Amino acid sequence: MNTEGQMVNAYVAGRGNLSPEDQALVARRAKAMGPAYRLFYETPVHLVRGEGVWLYDKDGNAYLDTYNNVASVGHCHPHVVAATARQSAVFASHTRYLHDTVLDYAEALLATFPSELGHLMMTCTGSEANDLAYRIACAQTGGTGFIVTENAYHGVTHTIAGMSPSLGAGVNLGQHVRIVPAPTSSSDVGAEFARGVQAAIDDLQRHGIKPAALIVDTVFSSDGVFVDPAGFLQPAVAAIRAAGGVFIADEVQPGFGRTGAAMWGFQRHGLIPDMVSLGKPMGNGYPVAGLVIRPEVLAAFGAKARYFNTFGGNAVAAATAMAVLEVVQGEALQDNARVVGAAFAEGLRALAKSYPCLGELRAAGLFLGQDIVTDGAPDAALTGRIVNDLRAARVLISATGPLGHVLKIRPPLVFSQANVDHFLTAFEGVLKRL
Ligand code: PMP
């Protein structure tokens, strides 16, 4: 078990070390919310408060958050909290009325994109953004075929769950969906990945299905984090465009400066996508997401369809997202991701010299994927143990990748060098005790 729906470190009843009070909460949760939810960790964490890179449990214990990319400007950032509160108190309605906030935000956000990407449509979740991208891609290309990587995760709607193989064999893929091998660390990864995409295009066409799009998470997080060499996506994008399809960059994970090198993950690849889906960090916890689109790609859909999303782009969402963008830019968090991320990677590489279970490390800014291996082979059980042992040491991370053997390290972007040192000390403590 390994990704969003399949977690190596998921809570299993009867394991772990839960207090009677938390056992009662687990039971209430199962009764009220049903069987489809999962909890992180053998001993789930009962959180009550967050501040910056720290989360606090009900007993006041502090946990270093090295995982949550949603609170990317830090938990409960005062500038963001104030903006949400201020806007909630004056006007909290939707995009069918003229109002400044969503336009101010759209203009400020679009200014961070290449000029070819000229429109922003607002949603509440990354899933909705990808679902909208699907509809727009079909309208624009006249096709229906979608290509995704073999352990991709793009969201929860019916269509998009059907493009999210990481949900596991129990969730069917769409009939017009083809999966391609994820990138690898091969020096020939660009050509290799493009060959997979071309084979999927050929297969779609052989079945009489016109390709509509290639969609990828530009850091391939659920595939295990594949980021280098920057630029390797170009031949695959050329292939889908040559087949009449569009390229959708899913920036729900890497967007808003996380990779350090750029505001958007696709920029590391020297590409200009046709559409870019956004989510998670966009509202620092407030549900706001969106889709950035080339005007010519939106034209066919815009001519046929009317779009309204009750909560997407509402005034509170827009004010909150604006405050997040102001913090990302005002506190130079992209630079921080680059500098602190590089130090983080260096620290992990130094540890790997003493601990052979630390295999390959792949990293871009504050998105790091650390392979855990035994005798060089992927070891999901050991990975799960490390994640749970770190939780016991009050440091929060998770695991990813098709084999569940990649530590997923993705802290808020306000992470400091002192936080890196704290992580590395706790991590070495865990490794020593294995
Ligand atoms: N795309 C990617 C790459 C994601 O990681 C996620 C969420 N994990 C989504 C889309 C879906 O976003 P949401 O949960 O906001 O619907």
Side-chain angles (χ1 to χ4, degrees), residues 1-7 9-10 36-38 40 67-72 121-135 137 146-168 171 174 177 179 182-183 213-227 233 247-256 258-259 264-266 268-269 273 275-292 309 311-313 317 320-321 324 364 366-369 397-402 406 408-411:
M1 302 291 261
N2 49 60
T3 56
E4 303 287 335
Q6 311 169 281
M7 308 179 313
N9 59 324
Y37 283 89
R38 303 288 183 275
F40 274 151
Y67 178 70
N68 285 294
N69 60 340
V70 171
S72 90
M121 294 175 78
M122 300 291 287
T123 64
C124 307
T125 66
S127 302
E128 277 183 291
N130 284 331
D131 200 79
L132 181 60
Y134 166 79
R135 295 176 63 201
F146 258 68
I147 299 170
V148 301
T149 52
E150 62 191 350
N151 204 48
Y153 181 79
H154 294 294
V156 298
T157 69
H158 179 77
T159 304
I160 301 300
M163 296 180 189
S164 298
S166 73
L167 289 171
V171 178
V177 174
I179 54 175
L214 165 70
I215 177 168
V216 303
D217 164 351
T218 59
V219 293
F220 297 91
S221 48
S222 55
D223 284 301
V225 187
F226 289 92
V227 289
L233 271 175
F247 172 59
I248 303 166
D250 184 330
E251 292 283 340
V252 168
Q253 297 275 348
F256 291 94
R258 175 160 297 277
T259 65
W264 308 109
F266 67 79
R268 294 181 66 252
H269 286 279
M275 290 185 262
V276 183
S277 49
L278 311 174
K280 285 186 187 277
M282 189 168 174
N284 211 49
Y286 188 97
V288 52
L291 186 68
V292 173
N309 184 317
F311 300 117
T320 304
V324 172
L366 280 172
F367 210 124
L368 303 100
I397 64 163
S398 188
T400 189
V406 184
K408 178 160 66 167
I409 303 174
R410 206 186 45 175

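Count residues from 1 along the sequence. Quantities reported herein were computed from a predicted structural model and do not represent experimental measurements. Whatever order the structure lists them in is the order used to number ligands and atoms, beginning at 1.
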Q: Where the side chain of D223 meets the backbone of N151, is there a donor-acceptor pair that is under 3.5 Å apart?
A: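 A pair under 3.5 Å: yes.
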Q: Below 4.0 angstrom from a heavy atom of K280, which ligand 1 atoms are there? Numbered from 1 as shown, please.
A: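 Answer for ligand 1: 5 (O), 7 (C), 8 (N).
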Q: If you count the atoms of ligand 1 from 1 in the order shown, which ones are under 4.0 Å from a heavy atom of N130?
A: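 Per the distance check, 1 (N), 10 (C).
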Q: Mark up the atoms of ligand 1 that fall under 4.0 Å of a heavy atom belonging to T125, in ascending order.
A: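 Listed by number with element, the hits are 15 (O), 16 (O).
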Q: Is it true that the side chains of E251 and T218 contain a donor and an acceptor less than 3.5 Å apart?
A: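 Short answer, yes.
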Q: With a 4.5 Å heavy-atom cut-off, do E128 and M122 have their side chains touching?
A: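 Sidechains of M122 and E128: no contact.
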Q: Could you list which atoms of ligand 1 come closer than 4.0 Å to a heavy atom of Y153?
A: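 That gives atoms 1 (N), 2 (C), 3 (C), 4 (C), 6 (C), 7 (C), 8 (N), 9 (C) of ligand 1.
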Q: Measuring from the heavy atoms of V156, does anything fall under 4.0 Å of ligand 1?
A: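 Outside the 4.0 Å threshold, so no.
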Q: For P254, which of V225, V219, V227 qualifies under side chain to side chain contact (heavy atoms under 4.5 Å, CB included)?
A: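 Only one option passes, and that is V219.
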Q: Just by distance, no angles: are the side chains of T123 and N309 close enough, under 3.5 Å, to form a donor-acceptor pair?
A: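 Distance-only check fails for T123 and N309.
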Q: Taking the side chain as every heavy atom from C-beta outward, state whether S72 and R258 have any atom pair closer than 4.5 Å.
A: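 In contact.
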Q: Please report whether ligand 1 has a polar contact with D217, defined as an N or O pair separated by less than 3.5 Å (distance criterion only).
A: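 No; the residue has no nitrogen or oxygen that sits under 3.5 Å from a nitrogen or oxygen of the ligand.
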Q: Can you find an N or O of S221 that's nearer than 3.5 Å to an N or O of ligand 1?
A: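 For ligand 1, there is no N or O atom that lies under 3.5 Å from one belonging to S221.
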Q: Have a look at ligand 1 and work out which part of E128, if any, has a heavy atom under 4.0 Å from it: side chain, backbone, both or neither.
A: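 Looking at E128 and ligand 1, no heavy atom falls under 4.0 Å.
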Q: Pull out every atom of ligand 1 sitting under 4.0 Å from any heavy atom of D250, numbered as shown with elements.
A: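 Near D250, meaning under 4.0 Å from one of its heavy atoms, ligand 1 has 1 (N), 2 (C), 3 (C), 10 (C).
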Q: Is there a side-chain contact between N69 and Q253, using heavy atoms and a 4.5 Å cut-off?
A: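 Yes, their side chains come closer than 4.5 Å.
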